[in-house]
Amino acid sequence: MSLEFLVASAIAVLVAGGIFLALRGRTFQVVLGLTLLSYAVNLFLFASGRLIVDRPPLYAQGVTAHADPLPQALVLTAIVITFAMTALTVILSLRSYLESGSDQVDGVADHESEEPA
Amino acid sequence: MTLLDQLPIAPVVIPAVTAPLTMLLMRRHARAAAALSLGGCVAMLVTACALFAVAQDGAIRSYALGAWPAPFGIVLVLDRLAALMLVLAALLATLVLGHALVTAADRRGWHFHPMFHFQLMGLNGAFLTGDLFNLFVFFEVLLIASYGLMLHGQGALRMKAGVAYVVVNIVGSALFLIALGLLYGLTATLNMADLAVRVAALGAADQGLLRVAGLLLMVVFGLKAAVVPLHLWLPRTYAATMPVVAALFAIMTKVGVYAMIRTVPLIFGAQAGAAAWVPAPYLLPAAILGAIVGFVGVLAARGMREQAAFAVLASTGTLLMAVASWRAATLAAALYYMVQAVLAGAALFLVADVTMRRRGPYADALAPSPRFAGQDAAGLLYLAAAIGVVGLPPLAGFVGKLLILDASFAVPGWPAIWTTILVTTLIGVIGFSRGGSTLFWKASAADADPIACPARSRAEFIAPALLLATLAALTVAAGWATAHARATAAQVMTPGLYVTAILGAAR
């Protein structure tokens, strides 16, 4: 199995899981889904500079072949931003849960949304 | 280097300095913080006007951060379009902030002013940047601040709408990054001018991926612009938030449209091979649906804020109908329409705010209520704002729609555009007449005691009135404004100018 196949299938699995969870009704699962999705995005960004093993991004003595340094900078920025965003979502869903008494994304409590038997 | 050469960075630096200072002052010296905040807005307006004047010579200026030349360094780019957007944002921000100060909306929480200025920093940065990754970063700055502003004042309803708003935008950011990764993998650059050159030079094997990247990018911008079917987050969010904040948000949907106008002719223009004008086949149907959904929503709304939110949706739809054919003539009409749509949408939200504050328990519900103080003034302002939003004479919306109709006559899909604009205008007129008569006419017929609400200052009417006055001025100065819009559109539709200005004549 090639490295490309492994990375691509890892990204695919993360995206699939992320989308599935992000479409769920409860905030905790949605937050988990967003996290998986952001991991997949970071991996993808990282791979956009081509997958190269054992090469330095900037400078090492006696090395002439280099990896692309820019995706690493991009990924770093993206990680910081998505991490902060995820933290914000966690706080927000917690606050929303405390104020509305429901952890449903649409804020409708369980007993309200259930059909009367 | 003269001061003038450093001016393009000022719209980013001014709010970046003002925001932390207001945060430091807010707790102990609220008045000083408010004054500083307003001062920052005015300074930004002055800078934006200066940049607007500078950009009038038609030259595209680049500002290399750290003096690193493009495409390796980060550049800010000042052209006519960027300057126009800066002036619009600064004008809107100054008036909205003035209204927030008069109505003490900034006192409902601690961090209104810092978030307000960070939002402006994101807006200005997004208008100025010449680099797609920085566009992403400034989008995030803008969004983070908007989350804070949206939740400002709190309440369970706002929290619920806030969760959906934040989640939708995080998913949008993830898609944005995927599109950027694809583009970077294909071209090894994210500088827009460099992208324009390299996309044109891509081989046949990469065209499929390029189309995917372009369409993904358009989905992201469409999500920010609330293009149907990506609009579902908007009415709920805008109707739940404070009207002052929603008035500022009136320009946020237009940032998505701006990003489309910026990237499509430049990167996915005629020279881009299979990806040329990549969003064109999807944008027009989406825009038509947007206008219909928006104005039908205006007709169906149950509150003033909801009505204004759907009006924002409708104006984006109408605007994109003109943008979607990607011609200089229609784009010029679109730019004129966009300026007035932002101001009219914001005015409608501010009128809703003024009315809500006077109606006490009836708030902004579109239901008859007993007479309230200041009803006549509020009614007149509502009438004017509605005329502006729907596009009836004498305000600038009429000129804008007329320009769009006139310019799109040369476009293949013109019967659809004409029918949609004319029919939706009628629906909009009905919707606003119904809203206005329920709010302000049936109200006076109800013979209950007048609503006893705490005395409100007449100064609250100033900001919406000023916004409407700018609309009137835009009608009076329509000749000058359309000439400017034409020059801007011509510049945008000639991507060669941009590339040469950023990368030098060598390319």
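This is a predicted model, so every value here is computed, not measured. Below, read A as the first sequence line, B as the second, and so on, with proteins coming before strands; counting in each chain starts at 1.
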**Request:** Against chain B, work out which of A:Asp68, A:Thr86, A:Val31 has the most heavy-atom pairs shorter than 4.5 Å and name it.
**Result:** A:Asp68
**Request:** Report yes if some heavy atom in the side chain of A:Leu74 is under 4.5 Å from a heavy atom in the side chain of B:Leu190; otherwise report no.
**Result:** yes
**Message:** Taking the side chain as everything from C-beta on, heavy atoms only, tell me whether B:Val167 gets closer than 4.5 Å to A:Leu34.
**Reply:** yes
**Message:** Does anything in residues 119-152 of chain B reach chain A? List residues with heavy atoms under 4.5 Å apart, or say none.
**Reply:** B:Phe133, B:Phe136, B:Val137, B:Glu140, B:Ile144, B:Tyr147, B:Leu151
**Asked** Do any pairs count as a side chain to side chain donor-acceptor pair (under 3.5 Å) and have a residue in residues 35-55 of chain A, sequence neighbours left out, and if so which ones?
**Response** none
Can you tell me how far apart [atom1] ([X]) and [atom2] ([Y]) are? Round to the nearest 0.5 Å.
X        : Y        : atom1 : atom2 : result
A:Leu92  : B:Tyr165 : CG    : OH    : 11.5 Å
B:Arg158 : A:Arg95  : CZ    : CZ    : 12.0 Å
A:Thr82  : B:Ile170 : OG1   : CD1   : 8.5 Å

**Prompt:** Heavy-atom distance under 4.5 Å to chain A: side chain of B:Val166, backbone, both or neither?
**Reply:** side chain
**Request:** Check whether B:Leu183 gets within reach of chain A through its side chain, its backbone, both or neither, counting any heavy atom under 4.5 Å.
**Result:** neither
**Asked** Of all heavy-atom pairs between B:Tyr184 and A:Gly49, which one has the smallest distance, and what is that distance?
**Response** CE2-CA, 4.4 Å
**Prompt:** What's the shortest heavy-atom distance between A:Ala78 and B:Leu177, and which atoms?
**Reply:** CB-CD1, 3.7 Å
Does any backbone or side-chain atom of [X] lie under 4.5 Å from a heavy atom of chain B? Answer side chain, backbone, both or neither.
X       : answer
A:Ile19 : neither
A:Leu37 : side chain
A:Ile81 : side chain

**Request:** With side chain to side chain contact (heavy atoms under 4.5 Å, CB included) as the test, would you mind laying out the steps for A:Thr27 and B:Val163 before giving the verdict?
**Result:** CA-CA 8 Å; A:Thr27 47; B:Val163 172; 4.1 Å; yes
